[in-house]
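Comments concern the structure below.
Values in this document were obtained by computation on a predicted structure and should not be read as measured data. What's counted below: heavy atoms across the whole structure, side chains too, no hydrogens, waters or symmetry copies.
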Amino acid sequence: MQAKSYRTVAVPAQDEFTEKKSRFIGFIAPVTTEQEAAEFVEEIRARHREARHHCYAYLLRQGNLSRFSDDGEPSGTAGRPILEVLQREELTDVCVVVVRYFGGVLLGTGGLARAYTQGCKQAVAAAEILSMHPAVECNLTADYGFYSRLQSLLAAYGAVVRETDFAGEITLRFMLRAERLVPFAGALEEASAGGLAPTVTGECFYPFPEV
């Protein structure tokens, strides 16, 4: 897998604040297609029909696509500031909607841009950020006498064990960062005197813990 690592969010999150009597609520969610982004925007719009504005931006890995909307606010004061926050945070496959309930006090173009920037920042801060890395899923079977050594090897190469079967021999299913497969296989071969090698069963992106 040649694709690069990327950052996204795990699940939807939200936060809000009030600026000069206007209520701003920032919503963030993981999305992978334009349709998913549009559905999220419409979901928030339906939940907050009384709000004056539903401004949004999203970034997708597919086609390196970005879109934003000021939704009636002065041009450049809402959607683009939201998008710029996502770009600075290096987030992708993500959509942010900032809802504004107008409080009767005008904020001016600068004030609006700052408010929508803050709405996005707070939504991002409320979210769980995932660092997604190219990964391989592997299976490996070993005897009990090698289990302790195998655990040490897996830990040394940052593998995440997904499943362990102790019936008969020990069979492990684990995730490994793609660039670590070859060195891990080499270390495993050396440690087992050529007796063991991982079997790759799939490729994907996986959120490995940061170390």
Are Leu91 and Tyr116 co-members of a hydrophobic cluster defined by side-chain heavy atoms under 4.5 Å apart? yes

Please list all pairs meeting salt bridge (Lys or Arg N to Asp or Glu O under 4.0 Å) that have one or both residues in residues 112-130, counting only residues at least two apart or in different chains. none

Contact summary for Leu153 and Ala187, nearest pair of heavy atoms: CD2-CB, 3.9 Å

Between the side chains of Glu36 and Thr32, is a donor N or O closer than 3.5 angstrom to an acceptor N or O? yes

Apply side chain to side chain contact (heavy atoms under 4.5 Å, CB included) to the pair Leu60 and Asp93, showing each step before the final yes or no. CA-CA 4 Å; Leu60 303 176; Asp93 279 357; 4.2 Å; yes

Please tell me whether Phe68 and Val41 are part of a single hydrophobic cluster in this structure, the criterion being side-chain heavy atoms less than 4.5 Å apart. no

Decide side chain to side chain contact (heavy atoms under 4.5 Å, CB included) for Leu107 and Lys20; before the verdict, give the C-alpha distance in whole Å, the side-chain angles of both, and the deciding distance to 0.1 Å. CA-CA 8 Å; Leu107 301 182; Lys20 294 183 178 178; 3.6 Å; yes

Student check: side-chain heavy atoms of Val136 and Thr201 closer than 4.5 Å: no

Heavy-atom side-chain proximity of Glu163 to Leu172 below 4.5 angstrom: no

Examine Val124 and Val9 and state if one hydrophobic cluster contains both, with Ile, Leu, Val, Met, Phe, Trp and Tyr joined whenever side-chain heavy atoms are less than 4.5 Å apart. yes

Below 4.5 Å, heavy atoms only, C-beta onward: do Glu42 and Arg45 meet side chain to side chain? yes

Restricting to non-hydrogen atoms, name the atom on Ala191 and the atom on Arg149 that form the minimum distance, rounded to 0.1 Å. CB-NE, 3.8 Å

Quick one: CD1 on Ile82 to SG on Cys95, what's the gap to the nearest 0.5 Å? 9.0 Å

Side-chain heavy-atom pair Pro183, Tyr157 within 4.5 angstrom cut-off: yes

Single-linkage hydrophobic cluster, 4.5 Å side-chain cutoff, Val200 and Val161 together: yes

Could you tell me whether the side chain of Cys204 reaches within less than 4.5 Å of the side chain of Met175, counting heavy atoms only? yes

Asp165 side-chain N/O to Thr171 backbone N/O, donor-acceptor pair under 3.5 Å: no

Inter-residue atom distance Thr8.OG1 - Ile129.CD1, 0.5 Å rounding: 7.5 Å

Take Leu196 and Glu189, measure what side chain to side chain contact (heavy atoms under 4.5 Å, CB included) needs, and give me the verdict at the end. CA-CA 6 Å; Leu196 295 176; Glu189 181 180 19; over 6 Å; no

Compare all side-chain heavy atoms of Leu112 with those of Pro74 and state whether any distance is below 4.5 angstrom. yes

What are the two closest heavy atoms between Leu59 and Ser66, and how far apart are they? CD2-CB, 3.3 Å

Which atom pair, heavy atoms only, marks the closest approach of Pro134 to Ser5? CD-OG, 3.5 Å

Could you list the donor-acceptor pairs under 3.5 angstrom formed between side-chain atoms of residues 47-57 and any protein atom two or more places apart in sequence or on another chain?
residue : atom : partner : partner atom : Å
Arg47   : NH1  : Glu43   : OE2          : 3.2
His48   : ND1  : Tyr101  : OH           : 2.8
His53   : ND1  : Asp71   : O            : 2.8
His54   : NE2  : His48   : O            : 2.7

Nearest 0.5 angstrom please: Leu181 CG to Cys138 SG, how far? 5.5 Å

Non-hydrogen side-chain atoms of Val94 and Val31 separated by less than 4.5 Å: no

N/O donor-acceptor pair under 3.5 Å between Arg7 side chain and Thr92 backbone: no

How about Phe184 and Phe174: are their ring centroids closer than 6.0 Å? yes

Taking a hydrophobic cluster as the set of Ile, Leu, Val, Met, Phe, Trp and Tyr residues connected by side-chain heavy atoms closer than 4.5 Å, whether directly or through intermediates, do Val11 and Val96 fall within one such cluster? no

Is there a side-chain contact between Cys120 and Pro81 in this structure, where contact means two heavy atoms from C-beta onward sitting under 4.5 Å apart? no

Can any side-chain N or O of Asp70 pair as donor or acceptor with the backbone N or O of Gly72 at less than 3.5 Å? no

Minimum heavy-atom separation for Thr77 and Glu73, please, with both atom names. OG1-CB, 3.6 Å

Counting only heavy atoms not in Glu39 (residues, nucleotides, ligands), do more than 12 fall under 6.0 Å from its CD? yes

Measuring centre to centre across the rings, with the benzene-like ring taken for any Trp, is Phe205 within less than 6.0 Å of Tyr6? yes

Using the six-membered ring wherever Trp is involved, compare the ring planes of Phe17 and Phe24 and label them parallel, tilted or perpendicular (cut-offs 30° and 60°). parallel

Tyr144 and Phe146: ring-ring contact (aromatic ring centres under 6.0 Å, His included), yes or no, with the steps? CA-CA 5 Å; Tyr144 281 90; Phe146 193 71; over 10 Å; no

Mark yes or no for whether Thr117, through its side chain, and Ala113, through its backbone, hold a donor-acceptor pair below 3.5 Å. yes

Once rounded to the nearest 0.5 Å, what's the spacing between atom CZ of Arg100 and atom CD1 of Ile25? 13.0 Å

If only side-chain N and O atoms count, and only distance matters, is there a donor-acceptor pair under 3.5 Å linking Tyr206 with Glu137? no

Rounded to the nearest 0.5 Å, what's the gap from CD on Glu84 to CD on Glu89? Could you check? 13.0 Å

Nearest heavy-atom approach of Val99 to Ile44 is CG2-CG2, 3.5 Å

Does Arg173, at its CZ atom, have more than 12 non-hydrogen atoms belonging to other residues, nucleotides or ligands within less than 6.0 Å? yes

Nearest 0.5 Å, please: how far is OG1 in Thr141 from CD1 in Ile170? 9.5 Å

